[in-house]
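One structure is given here, and the rest of the page talks about it.
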Amino acid sequence: MTNVSLVDLKVIEDARGKMIPLEYPKQLNFPLNRIYYIYDVDNNQTRGCHSHNKLDQLLIAVKGEVNILVKTPFEEKIVKLDSPSKGLYIGPMIWREMFDFSEDCVLLVLASELYDEKDYIRDYREYEQKALEYFRNEETNND
Ligand code: T46
């Protein structure tokens, strides 16, 4: 799916346990400017329900599990994040919804930009219009 990919993160393991380093540009495809983490979310809550104009993000359930719906006007899928070694890259113009958080879930998010409310598209109709234009331009640029 355009601007979405599930990444297997390389685990460094020895007798003392496991570690996953994330470094730009080796394992991260964008320079990191912000991290945040989401936790203590009730199982009946849905978060997200928006898109970003520009932002690149990598989502990792460092503990527990959560489902992520990623959607464009043309396709959608649900990705289960249930391991600290799975990362979900979400680029620009992807609608996302996070739901079915396990009680112990800690969702870590690495982001390419500082927080900017102006980058959010929180209305689905507005998203759809902008996304149709964005993906049309992407197609033209890739011809
Ligand atoms: C995203 C998904 C995966 C800040 O002040 N700074 C921040 O860096 C962030 C992320 C949020 N906030 C404020 C803005 C809101 O007043 O925290 C409040 C909750 O944010 P929001 O409702 O946008 O949270 P989610 O879980 O719906 O979405 C978040 C990110 O905002 C979003 O970029 O892609 O996680």
Side-chain angles (χ1 to χ4, degrees), residues 1-13 17-143:
M1 183 170 173
T2 316
N3 289 2
V4 174
S5 54
L6 191 59
V7 188
D8 278 326
L9 305 172
K10 190 172 182 300
V11 183
I12 299 175
E13 184 173 2
K18 296 177 181 167
M19 183 177 76
I20 298 177
L22 297 172
E23 194 176 306
Y24 170 77
K26 282 189 199 158
Q27 299 91 351
L28 269 183
N29 61 347
F30 53 85
L32 180 62
N33 270 302
R34 177 169 52 112
I35 68 169
Y36 57 93
Y37 37 99
I38 297 170
Y39 61 102
D40 270 357
V41 180
D42 280 347
N43 181 260
N44 60 3
Q45 291 291 338
T46 298
R47 301 191 62 119
C49 304
H50 58 249
S51 170
H52 284 277
N53 286 302
K54 284 196 192 133
L55 196 65
D56 295 302
Q57 298 196 111
L58 188 70
L59 282 65
I60 305 165
V62 289
K63 191 168 171 58
E65 58 182 64
V66 59
N67 282 325
I68 319 279
L69 167 76
V70 277
K71 182 174 163 67
T72 70
F74 311 105
E75 51 188 333
E76 66 178 72
K77 63 180 178 183
I78 292 173
V79 178
K80 184 183 271 301
L81 291 181
D82 56 3
S83 160
S85 66
K86 264 192 208 175
L88 178 65
Y89 165 76
I90 306 181
M93 277 303 159
I94 302 294
W95 189 264
R96 82 284 316 266
E97 298 183 11
M98 299 97 81
F99 61 99
D100 270 354
F101 283 82
S102 63
E103 204 180 323
D104 59 348
C105 183
V106 180
L107 179 63
L108 173 68
V109 184
L110 312 184
S112 63
E113 309 292 335
L114 301 181
Y115 174 70
D116 177 8
E117 185 57 39
K118 291 195 292 298
D119 189 58
Y120 284 72
I121 310 168
R122 294 188 183 271
D123 176 75
Y124 189 75
R125 286 228 171 148
E126 182 190 344
Y127 162 72
E128 220 170 15
Q129 284 184 347
K130 283 192 168 177
L132 286 170
E133 194 180 331
Y134 173 89
F135 287 108
R136 208 172 21 242
N137 288 341
E138 282 281 290
E139 224 170 73
T140 315
N141 292 339
N142 292 334
D143 279 349

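Start at 1 and go down the list; that is how both ligands and their atoms are numbered. Residue indices begin at 1 and follow the sequence shown. Predicted, not measured: the structure shown is a model, and the values here were computed from it.
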Q.
List the protein residues in contact with ligand 1, where contact means a heavy-atom separation under 4.0 angstrom.
A.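 Residues within 4.0 Å of ligand 1: R34, Y36, I38, R47, G48, H50, H52, Q57, R96, M98, Y115, Y120, R122.
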
Q: Can you sort out the partners of D123 under side chain to side chain donor-acceptor pair (under 3.5 Å), two or more places apart, ordered by chain and number?
A: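 By the side chain to side chain donor-acceptor pair (under 3.5 Å) rule, D123 matches no residue at all.
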
Q) Y39: what forms a ring pair (Phe, Tyr, Trp, His ring centres under 6.0 Å) with it, not counting sequence neighbours? A)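 Not a single residue meets the ring pair (Phe, Tyr, Trp, His ring centres under 6.0 Å) criterion with Y39.
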
Q. Ring pair (Phe, Tyr, Trp, His ring centres under 6.0 Å) with Y115: which residues, sequence neighbours excluded?
A.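 For Y115 the ring pair (Phe, Tyr, Trp, His ring centres under 6.0 Å) partners, ignoring immediate neighbours, are Y120.
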
Q) Does a side-chain N-to-carboxylate-O contact under 4.0 Å join R122 and E117? A)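 Here R122 pairs with E117 in a salt bridge, since their nearest N and O are under 4.0 Å apart.
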
Q. Which atoms form the tightest heavy-atom contact between P92 and D56, and what is the distance?
A.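 What the structure gives for the nearest pair is CD-OD1, 3.6 Å.
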
Q | side-chain contact (heavy atoms from CB on, under 4.5 Å) partner of R34, the single match among V109, L55, L110 | A |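 So, applying the side-chain contact (heavy atoms from CB on, under 4.5 Å) to R34 and each of V109, L55, L110, only L55 qualifies.
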
